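Heads up: the structure comes next, in structure tokens.
Everything numeric here is computed off the predicted structure, so don't read it as measured data.
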Amino acid sequence: MRKLLVFAAASVAALLFNSCASAPKAALNDNDVYAYDFERVYTGVEQAARSRMSGYEYSQTVKKSSSGYAVSVQNRTFVVPELNLALSVDKKGAVFCDDNASVRGMLKKDGTLQWQGFVLENAQVVQITESGRLVKSERSDRAGAEFDGVYSLQNDAGGTLVLSVQDGLSLATVADQTLPFEPQPVIVYKDGSFASRFVLTTEQTLGGYGKTTFSTEYTATGALHAGGKVSMNTLTTTGGNVVPVSSAPFVYAGDRSRQTIAGAEAVDVRKKLAAAASAKNVPPYPKKVPAWYTEDTPHADGVYTACGMKIDADETVAKAIAEAEAAGKLSSMIALQLSSEVQADKTMGTAGTNFALHTVTEAVSALQLDYSVLHTEYDAASGCAFVAVSMTDAQLAAVRKTLSR
């Protein structure tokens, strides 16, 4: 038996994803716009595994909650805000990504979406877990064509930005880098109002030295007015356990410079929504995998199985990281299933305000899970290690019992 410290960035609820055949048909319409609020957790699984091999415990987790963003569905596919991954959903609700085989998830009939996968950040494998909700945005509920155009805004400190509005959607282009993120399309409502928000928290833990946290919260609220006027207020608050809290509020005002989306300073909002995803941050995938290897997390005879892989010239390193990936998938089954149950017990607001995923994974991170290593294989030709691990129903039930106390 091996033990794994369950990282706060658990990945996907495979308990939910393996029941696609019995799941109700997921409602997702092509050529429609959806509001997408979500919680996302990143964990540096490779970084943590390498640290452990060097004789010390180090982990980094990034948590983000966002609300107000919009996505556009084409061919039952939409681009995930900020990640540039194209998620597709089949008619049974199974979520996958043509460019990233590690992505697995489920879209429920009520629009609840949970998925997980692995990406590369700074040449290292990072695990992503996301829980959110897709809510169809009816065209009649969004701002009409009378609000379309390009708006130039200036804040009280002299900063400027350009706001492009099209089909009841807005996108800000930052001219002076006063916004601490890449702007995403936001829904503009019939009365001209719009709002978005995110909270980003980074946690770093070094064994024996405790945890450091740093967070940024950004909110933007605004309105388009008759006669081509626009106003917007933003507030950026930063802080943490080793830095003081500081706030930077700005008040923007401006006018519409043209009623069509054109010119070097404008951005076609619809094109931004349908932007092609990039596969540049996808971990390399070998041409051949063992017969027992799967990206799913199957359940048979009372046992859950998960697999991980890693390409590295050092066999020991490759096996350690592959095992960490596989174990992370198992640990996430508990975290995301509990997160789903928390959401079911309350009236659904937005993922960005309920914080169910972040709260549950924080609790799970304090536990240790026992798992068994079923298979370990290293292909010298490709330099890829493959590892399969498992947990029994009884072991999972024991963990859930501990968490419920």
Fill in: Straight-line distance of T205 OG1 to Q60 CD, nearest 0.5 Å
9.5 Å

Practice prompt. Sequence neighbours left out, what passes ring pair (Phe, Tyr, Trp, His ring centres under 6.0 Å) with Y293? Give chain and number order.
Written response: F386

Discussion item. Check this for me, if you would: do D167 and R142 make a salt bridge, where the nitrogen-to-carboxylate-oxygen distance has to be below 4.0 angstrom?
Written reply: no

Worksheet entry | Electrostatic pair K329-E325, nearest N-O below 4.0 angstrom | no

Worksheet entry | Partner residues of K136 under the side chain to side chain contact (heavy atoms under 4.5 Å, CB included) criterion, sequence neighbours left out | N29, D32, Y34, E138

Practice prompt. Identify, with sequence neighbours excluded, every residue that meets side chain to side chain donor-acceptor pair (under 3.5 Å) alongside S193.
Written response: D191

Fill in: Proximity of Y218 and F198 rings by center, below 6.0 Å
yes

Discussion item. Surrounding OH of Y378 (heavy atoms of other residues, nucleotides or ligands, distance under 6.0 Å), is the total greater than 12?
Written reply: yes

Worksheet item: Salt bridge check: are R52 and E57 linked by an N-O gap of less than 4.0 Å?
Response: yes

Worksheet item: What residue pairs, at least two apart or across chains, pass salt bridge (charged side-chain N to carboxylate O under 4.0 Å, His left out) with a residue in residues 299-314?
Response: E46-K310, R50-D312

Worksheet item: Quick one: ring pair (Phe, Tyr, Trp, His ring centres under 6.0 Å) partners of H225, sequence neighbours excluded?
Response: none

Fill in: Closest approach of N241 to T213 (non-hydrogen atoms, all atoms of both residues)
OD1-N, 2.9 Å

Worksheet, complete the sentence: side chain to side chain donor-acceptor pair (under 3.5 Å) filter on T316, not counting sequence neighbours, yields none

Discussion item. Apply side chain to side chain contact (heavy atoms under 4.5 Å, CB included) to residues H299 and D393 and explain how you reach the verdict.
Written reply: CA-CA 9 Å; H299 180 246; D393 288 346; 2.8 Å; yes

